[in-house]
Amino acid sequence: MRVHSHEVNYTSPTPAAATVNDAEALTPAEKIDPIYHALLRVYGQPTWRPHHPPLDELVLTILSQHTSDLNSGRAFEQLRAALPTWEAVRDAPVSAIAAAIQSGGLAQMKAPRIKAILQRIWDERGSFDLDFLKTVPLDEARAWLAALPGVGPKTAACVLLFACGRPAMPVDTHVHRVSRRLGLVPDRATAEQAHVLLEAMVPPEWYYAFHLNVIKHGREVCKAPRPRCEICVLTQWCDYYRGVRKA
């Protein structure tokens, strides 16, 4: 996930008791505090650094789907080199956009989506300046983004959190997997359902750190095929680990 300039430090509330006598009895909402602070102790407190304007962040997030940050970043740079303005991207044939973003993967799917989004934005606003998303009511900003072609809750949340500094909880594959294993959301919850549940449980001022630290934990410890439970600091609150241990 991209970490972005303009520093804003979120101050964490004082943590609750460091240990829990009966972790198994905790509700998902009650697990949030100890899990959040355990992750802070391991990965630290990230500083919010917006780096891209909202439209750039929107396109970057689309390019990041089903690929690495390295590949999506390269595809974004190649797109801007081939078509230096958003007007040029909007007016270019889909084939030209696809050729420019080929290194990011799934270019044939992402290119028409990007072109359609740019056309919709221009038709509605007559401009590619999306700074209004920083000041309109949050629900209105979220709904406006979600109405764009192919923009779901995760993409909208990434734009709001990273480009606008607004409280939103992106749920990517790592956050989805880790939150289900921990029992913060039901095991069968979709990413969209997890998005709603986590936003309700996690204090808004924690969204940024929680999101980034859970991603780090998912990449380094709670991996998809083989979670490294033996080094995990979250096992006492983890439904998955409890099931494995009992088995």
Side-chain angles (χ1 to χ4, degrees), residues 1-15 28-29 31-54 56-73 76 133-134 138 142 145 152-182 184-185 189 191-192 194-224 227-228 231-234 237-238:
M1 181 60 66
R2 298 169 300 281
V3 179
H4 313 273
S5 63
H6 192 61
E7 297 188 1
V8 175
N9 287 307
Y10 290 139
T11 302
S12 300
T14 303
K31 290 181 180 182
I32 291 294
D33 185 278
I35 287 171
Y36 174 81
H37 288 95
L39 291 173
L40 280 185
R41 288 191 291 273
V42 175
Y43 302 110
Q45 174 75 58
T47 300
W48 180 68
R49 302 170 183 271
H51 186 225
H52 302 288
D56 292 45
E57 188 65 38
L58 175 57
V59 174
L60 265 167
T61 304
I62 292 167
L63 291 172
S64 72
Q65 294 167 358
H66 306 292
T67 192
S68 68
D69 287 349
L70 179 63
N71 287 340
S72 61
F76 183 81
L133 295 171
K134 299 176 181 179
L138 183 59
R142 195 192 306 272
L145 285 165
K154 179 223 170 184
T155 299
C158 282
V159 174
L160 293 171
L161 181 64
F162 292 117
C164 303
R166 309 201 69 177
M169 175 67 76
V171 176
D172 74 338
T173 55
H174 297 292
V175 175
H176 190 208
R177 179 178 67 256
V178 174
S179 63
R180 285 186 293 129
R181 284 179 174 168
L182 289 169
L184 298 178
V185 301
E192 288 75 16
H195 170 91
V196 174
L197 293 169
L198 289 172
E199 280 204 342
M201 283 189 286
V202 179
E205 64 271 22
W206 290 2
Y207 286 171
Y208 186 79
F210 183 86
H211 170 74
L212 290 182
N213 285 345
V214 171
I215 287 177
K216 289 180 183 178
H217 195 69
R219 287 174 173 168
E220 298 176 14
V221 179
C222 196
K223 299 184 177 185
R228 304 171 68 193
I231 65 168
C232 182
V233 299
L234 304 180
W237 305 290
C238 182

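Relative orientation of the Trp206 and His37 rings is perpendicular, given thresholds of 30° and 60° on the angle between their planes.
Here the straight-line distance linking atom CG of Leu63 with atom CG of Asp56 works out to 11.0 Å at 0.5 Å rounding. Rounding to the nearest 0.5 Å places CG of Asp172 at 11.5 Å from CD of Gln65. For the atom pair CG (Leu40) and CZ (Phe210), the distance works out to 10.5 Å, reported to the nearest 0.5 Å.
Taking the side-chain hydrogen bond (donor to acceptor under 3.5 Å, both in side chains) definition, one finds that Tyr43 meets it with His217, sequence neighbours left out. Every residue was checked against the side-chain contact (heavy atoms from CB on, under 4.5 Å) condition with Thr173, not counting sequence neighbours, and none meets it. With sequence neighbours excluded, no residue forms a salt bridge (charged side-chain N to carboxylate O under 4.0 Å, His left out) with Arg177. Judged as a side-chain hydrogen bond (donor to acceptor under 3.5 Å, both in side chains), and not counting sequence neighbours, Glu220 has no contacts. Qualifying side-chain contact (heavy atoms from CB on, under 4.5 Å) partners for Pro153, counting only residues two or more places apart in sequence or in other chains: Glu192, His195. Judged as a salt bridge (charged side-chain N to carboxylate O under 4.0 Å, His left out), and not counting sequence neighbours, Lys223 has no contacts. Remark: Lys216 pairs with no residue by the salt bridge (charged side-chain N to carboxylate O under 4.0 Å, His left out) rule, at least two apart or across chains. Not counting sequence neighbours, the partners of Ala38 by the side-chain contact (heavy atoms from CB on, under 4.5 Å) test are Arg41, Val233, Leu234, Trp237.
Between the side chain of Lys31 and the backbone N or O of Leu182, at least one donor-acceptor pair lies under 3.5 Å. Of the possible donor and acceptor atoms, one in the side chain of Glu199 sits under 3.5 Å from a partner among the backbone N and O of Met169. Thr67 places no side-chain N or O within donor-acceptor distance of the main-chain N or O of Ser64, the cut-off being under 3.5 Å.
What you find for Pro54 and Val159 is that their closest heavy atoms are O-CG1, 3.9 Å. In terms of heavy-atom proximity, Ala163 sits nearest to Lys134 at O-CE, 3.6 Å. Closest approach of Arg181 and Pro227 over heavy atoms only: NH1-CB, 3.6 Å. Taking both residues in full, the closest heavy atoms of Leu138 and Arg166 are given as N-NH2, 3.5 Å, listed atom of the first, atom of the second, then distance. Closest approach of Leu60 and Ser72 over heavy atoms only: CD2-O, 4.2 Å.
Checked against a 6.0 Å centroid threshold, the rings of His211 and Phe162 count as neighbours.
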Worksheet item: Yes or no on side-chain contact (heavy atoms from CB on, under 4.5 Å) for Leu58 and Thr61, after CA distance, side-chain angles and deciding distance?
Response: CA-CA 5 Å; Leu58 175 57; Thr61 304; 5.7 Å; no
Worksheet item: Does the side-chain contact (heavy atoms from CB on, under 4.5 Å) test come out yes or no for Ser179 and Val214, once each step is laid out?
Response: CA-CA 8 Å; Ser179 63; Val214 171; over 6 Å; no
Practice prompt. Check the pair Val202, Tyr36 against side-chain contact (heavy atoms from CB on, under 4.5 Å), reporting the backbone distance first and the verdict last.
Written response: CA-CA 9 Å; Val202 179; Tyr36 174 81; 5.6 Å; no
Worksheet item: Taking it one step at a time, do Val221 and Val178 satisfy side-chain contact (heavy atoms from CB on, under 4.5 Å)?
Response: CA-CA 10 Å; Val221 179; Val178 174; over 6 Å; no
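Looking at heavy atoms from C-beta onward, Leu184 lies out of side-chain contact with Leu197 at the 4.5 angstrom threshold. When side chains are defined from C-beta on, Ile32 counts as touching Met201, because their heavy atoms get closer than 4.5 Å. The closest side-chain heavy-atom distance from Thr155 to Leu145 is not below 4.5 Å. Side chains of Leu161 and Pro167 form no contact here, defined as non-hydrogen atoms less than 4.5 Å apart.
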